[in-house]
Amino acid sequence: MVKSINKLRPKFTTHADGSDAVLFINELVGETDGPTIGISGSIHGNENTGSQAILELYRKIKDLPLKGRILLLPVANPRSFAANHRHNPLDQLNLNREFPGDPRGTYTQQLADALASEFFAKIEYNLDLHSGTDRPTVDYVYMWNAPELSRAFRSKVLYQPVEGKVGTVYAGTSKTVSMDRHGTKVVTIELGGGIVDQTPYVERTVDGLINQLRLIGALEGDVKAPPAQVVLHELVGIRPKHGGFLEPLSPPNGEVIKGGQLLGRVVSPYDFEVIEEIPTPFENGIMVMQHLTRNLVEAGDYGFMVGNLDGAGK
Ligand SMILES: [Zn+2]
């Protein structure tokens, strides 16, 4: 069984309103020894599907036999989470570009430094949950240094980033601490988001995490085999050039989109004209992120992600 559940609340600074700035880490300690697994959500504050999934995961596993230790970090960036913003409202920085952080830096840099030492330095596995934010909906898994564990989340689409290729590997992400500095096995999960019910994505996330925890050996039970998967080496984001109503025309995530098809179009809410038609970039593409509803977008907002099936693996 779980031997103990501990609420770890390390303080890293003081807010101007007098409250303590703490990390919210929930430690589940098993009765037998095993690796430490860190599960994190809401590094980006407007991606709370992962926080919902960690809540449901906690409810499911807290009374199960556990081997090793799990650190749940459901809300990595509380001020951003509360404001539903990607960037931290105190200094307008993107936490996932500021690692390893700086204890004498700006608020977000101090937060990154505290997360690096109190969470990312203490885990052997990191399952990091992201989503498409509060408007687009996304569905893929990054395959970094743990291919089998990445596949075990059981998403159809995986993406193996190519080092040095523009737009695929960002500086200052949490993996610069976990993977690059400590050799942590990292899986970055991108699932859910959008102005739609998150329940199916939360349920899939919980199922995927449990399967991964079984593969690691932390939980008992059979590991389910992944479905047929595609491993992308090329994945591009496409932003609407213009603001307005973005009307989606793309097939669902995980489905093929052929050259010549439109991803969507931007329509003026003011005079009803079509301002822009957005074509798919590849002859042979697969949908990875899209808007599922007619959403108001600003010029250059997140729009779509499409993977190139030419050159992809299995
Ligand atoms: Zn994110």
Side-chain angles (χ1 to χ4, degrees), residues 23-24 38-55 57 72-89 91-101 108-109 111-112 115-116 119-120 126-144 150 153 155 157-161 167-180 184 186-196 198 201-202 204-205 208-209 232 235-239 253 288-292 295 297 300-307:
L23 305 181
F24 294 89
I39 303 177
S40 42
S42 290
I43 279 191
H44 291 132
N46 58 348
E47 300 177 7
N48 80 33
T49 313
S51 305
Q52 297 186 48
I54 293 172
L55 165 67
L57 178 77
L72 298 176
L73 177 72
V75 182
N77 196 350
R79 291 261 152 156
S80 296
F81 172 82
N84 192 28
H85 281 166
R86 180 174 180 83
H87 293 189
N88 194 291
D91 58 11
Q92 306 306 326
L93 290 178
N94 178 345
L95 171 60
N96 213 28
R97 301 291 181 273
E98 295 299 330
F99 288 97
T108 297
Q109 290 162 348
L111 172 59
L115 287 167
F119 182 76
F120 290 106
N126 180 215
L127 310 175
D128 189 27
L129 302 174
H130 293 252
S131 81
T133 79
D134 54 339
R135 280 174 302 159
T137 305
V138 71
D139 192 344
Y140 71 105
V141 170
Y142 279 86
M143 191 188 274
W144 299 111
S150 303
F153 187 76
S155 287
V157 177
L158 295 116
Y159 170 55
Q160 193 161 37
T168 64
V169 180
Y170 302 102
T173 66
S174 61
K175 77 172 186 56
T176 60
V177 177
S178 54
M179 190 168 102
D180 301 347
T184 311
V186 173
V187 181
T188 309
I189 294 152
E190 299 272 357
L191 183 59
I195 309 175
V196 293
Q198 295 299 293
Y201 304 114
V202 169
R204 260 188 59 198
T205 302
L209 292 172
L232 301 170
L235 178 61
V236 298
I238 299 125
R239 297 169 185 271
N253 282 333
V288 173
M289 183 179 87
Q290 64 184 288
H291 289 245
L292 294 176
N295 292 337
V297 295
D301 267 351
Y302 276 124
F304 304 87
M305 290 175 84
V306 182

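What's counted below: heavy atoms across the whole structure, side chains too, no hydrogens, waters or symmetry copies. Only a predicted model underlies this, so the values are computations on that prediction, with no experimental measurement involved. For this chain, numbers begin at 1 and follow the sequence in order. Note that ligands are numbered from 1 as they come in the structure, with each ligand's atoms numbered from 1 the same way.
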- Query: Parallel under 30°, tilted from 30 to 60°, perpendicular over 60°: which one fits the rings of Tyr140 and Tyr142?
  - Reply: tilted
Answer yes or no as to whether an N/O/S atom of Glu47 is found below 2.8 Å from the Zn ion (ligand 1). yes
With sequence neighbours left out, the residues meeting side-chain contact (heavy atoms from CB on, under 4.5 Å) with Arg135 are Ile195, His291, Asn295, Val297, Asp301
Q: Give the C-alpha distance, both sets of side-chain angles, the deciding distance and a yes or no for side chain to side chain donor-acceptor pair (under 3.5 Å) between Thr137 and Asn253.
A: CA-CA 8 Å; Thr137 305; Asn253 282 333; 5.8 Å; no
Do the side-chain N and O atoms of Asp128 and His130 include a donor-acceptor pair separated by under 3.5 angstrom? yes
Which atom of His130 is nearest the Zn ion (ligand 1), counting N, O or S only? It is ND1
Which atom of His44 is nearest the Zn ion (ligand 1), counting N, O or S only? It is ND1
